[in-house]
Asker: 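Sharing a structure below in structure tokens format, with a few things to ask.
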Amino acid sequence: MKYQNFGGNSTSAIIMGCMRLNQIEKNGAFSLIDSAIDSGINHFDHADIYGDGECESIFGEYLKNNPSSRDKLFIQSKCGIRQGYYDFSKEHILNSVDQSLKRLNIDSLDCLLLHRPDALFEPEEIADAFELLQISGKVKAFGVSNMNSMQLELLRKYVKAPIIANQLQFGPMFTGMIDFALNENMTKPESADRDGMILDYCRLNGITIQAWSPFQYGFFEGAFVDNEKFPQLNRCLQRIADSYGVTKNAIVSAWVLRHPANMQLIAGTTNRLRLNEICQGADITLSRQQWYEIYKATGKTLP
Ligand SMILES: NC(=O)c1ccc[n+]([C@@H]2O[C@H](COP(=O)([O-])OP(=O)(O)OC[C@H]3O[C@@H](n4cnc5c(N)ncnc54)[C@H](OP(=O)(O)O)[C@@H]3O)[C@@H](O)[C@H]2O)c1
């Protein structure tokens with residue numbers, strides 16, 4: 001497993017995403033967490049809304065049964081999405097953290113992320129909430145999710161603590177944040193920058209991008225590995241996987257981690273074997289040529 005500096009902590013390049021933890025039976029979820037730790041994962045991603053709190057509760061039960069593991073794990077959660085609307089109000093942020101801590105059975109979150117931009121967000125109010133959370137020891141570090149560069153600029157003008165993470169969807173089949181840069185100064189649809197140069201912004205400001213849904217195509221439309229809709233991509237992944245003696249899942253994670261932005265990959269699988277394969281990708285450094293081969297096998301072209 002590759003580890004990297006995340007806000008002064010050494011955390012795994014592969015994060016276990018806990019969004020689907022309630023989709024398997026409880027003992028299976030506990031075994032999945034054990035397997036993740038055995039594979040070298042020490043970083044876990046939650047959100048107050050995953051399974052309506054159930055995913056955090058399952059993890060909290062795991063920690064209750066394994067109290068000595070708490071200090072070895074980096075636990076982050078997110079808030080700000082409510083039923084039918086977004087809410088970055090101070091009251092909601094503070095309340096959500098209290099609920100998450102209770103469900104997770106812990107005293108403090110290692111990192112809190114704002115989940116998806118609230119059009120009505122007031123940075124002063126967020127700064128206030130973050131300061132209270134930090135002073136009380138309930139949250140150690142802060143990040144965001146799905147934010148563009150100017151939203152981050154606005155937030156960082158007021159929040160004193162560093163913003164250390166931005167979660168964004170990224171994977172071979174979801175590459176908007178790099179497509180436009182490859183097609184710079186052209187009139188093709190891919191030339192449009194829809195995220196305010198977010199990748200460069202994060203690199204310039206030391207914000208770690210955490211790639212969510214890296215195995216999905218579209219917005220949760222399904223996994224592309226072993227999917228007959230993507231024969232060219234699967235052939236290419238298989239050929240490269242064979243050359244390293246690993247599976248296609250490992251090559252997908254190697255592809256995300258090959259980007260010099262030092263992203264982390266959030267794996268959402270509920271399958272222990274698949275999770276282990278994905279972790280193997282963290283030890284592989286793809287060549288530039290292989291990286292581009294995979295990019296092009298998704299059907300994209302270079303100018
Ligand atoms: N910040 C945000 O807005 C945001 C949004 C979404 C997710 N997230 C975070 O990102 C994490 C990952 O998201 P995700 O679960 O959508 O990511 P993912 O790892 O791309 O997808 C996992 C899903 O795809 C299936 N899958 C993966 N590889 C497969 C393969 N080779 N063959 C068949 N099925 C495969 C898994 O099934 P199995 O379980 O059967 O393997 C599971 O249903 C979440 O847990 C959450 O922590 C954040």
Side-chain angles (χ1 to χ4, degrees), residues 15-24 29 44-61 75-106 109 111-133 138-139 142-156 158-159 163 165-171 173-174 176-177 194-196 198 209-223 266-270:
I15 298 174
M16 178 176 152
C18 298
M19 181 176 77
R20 302 176 193 267
L21 214 47
N22 66 333
Q23 292 175 11
I24 49 176
F44 292 81
D45 182 62
H46 289 273
D48 54 0
I49 54 157
Y50 292 164
D52 238 346
E54 210 188 329
C55 298
E56 286 184 331
S57 296
I58 294 168
F59 201 87
E61 200 173 325
I75 301 172
Q76 66 182 33
S77 193
K78 303 189 280 299
C79 70
I81 300 183
R82 301 188 75 168
Q83 282 296 338
Y85 66 107
Y86 305 124
D87 188 349
F88 284 2
S89 67
K90 178 176 165 184
E91 189 192 5
H92 178 65
I93 293 171
L94 296 178
N95 188 37
S96 169
V97 168
D98 282 341
Q99 301 304 318
S100 286
L101 291 175
K102 210 189 245 163
R103 286 190 291 262
L104 286 163
N105 262 315
I106 54 178
L109 283 174
C111 190
L112 172 73
L113 278 63
L114 298 174
H115 205 158
R116 186 168 275 286
D118 168 10
L120 307 179
F121 91 76
E122 297 180 40
E124 299 92 331
E125 201 183 350
I126 296 171
D128 224 17
F130 282 8
E131 204 167 334
L132 282 172
L133 289 169
K138 290 180 182 173
V139 176
F142 300 92
V144 299
S145 171
N146 304 305
M147 273 208 186
N148 70 28
S149 312
M150 288 311 279
Q151 289 166 328
L152 268 161
E153 271 294 288
L154 180 58
L155 188 66
R156 292 172 70 232
Y158 295 92
V159 171
I163 299 294
N166 190 9
Q167 273 188 19
L168 298 160
Q169 186 172 6
F170 184 68
M173 285 302 301
F174 203 95
M177 47 178 178
R194 296 185 174 82
D195 312 304
I198 191 62
I209 292 177
Q210 300 180 335
W212 60 260
S213 297
F215 291 87
Q216 302 285 307
Y217 65 95
F219 193 67
F220 301 115
E221 278 175 60
I266 320 179
T269 181
T270 55

Asker: Backbone N or O of G176 within a donor-acceptor pair of the D195 side chain at under 3.5 Å?
Answerer: no
Asker: Judged by atom type as modelled, is there a donor-acceptor pair below 3.5 Å linking the side chain of N148 to the main-chain atoms of I198?
Answerer: no
Asker: So do the side chains of W212 and D45 get within less than 4.5 Å of each other, counting heavy atoms only?
Answerer: no
Asker: Taking side chain as C-beta onward, heavy atoms only, is D52 less than 4.5 Å from N22?
Answerer: no
Asker: Between D48 and G80, what is the shortest heavy-atom contact and its length?
Answerer: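 So the minimum-distance heavy-atom pair works out to OD2-N, 4.1 Å.
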Asker: Can you check whether G60's main-chain N or O pairs, donor with acceptor, with N105's side chain at less than 3.5 Å?
Answerer: yes
Asker: Not counting sequence neighbours, which residues clear side chain to side chain donor-acceptor pair (under 3.5 Å) with Q23? List them please.
Answerer: none
Asker: Looking at side-chain heavy atoms only, is the closest gap between L133 and L94 below 4.5 Å?
Answerer: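 With C-beta onward as the side chain, the pair touches.
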Asker: Look only at the side chain of Q167 and the backbone of Q210, and say whether a donor-acceptor pair between them is shorter than 3.5 Å.
Answerer: no
Asker: Under 3.5 Å, is there a donor-acceptor pair between the side chain of Q76 and the main chain of L112?
Answerer: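 It does not hold such a pair.
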Asker: Run Y158 and E122 through side chain to side chain contact (heavy atoms under 4.5 Å, CB included) and show every step you take.
Answerer: CA-CA 10 Å; Y158 295 92; E122 297 180 40; over 6 Å; no
Asker: Side chains of E56 and S100: do they bring a donor and an acceptor to under 3.5 Å?
Answerer: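 Side chains of E56 and S100: pair found under 3.5 Å.
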Asker: Taking side chain as C-beta onward, heavy atoms only, is L114 less than 4.5 Å from F121?
Answerer: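 The answer is no, as the side chains (C-beta and beyond) never meet within the 4.5 Å cut-off.
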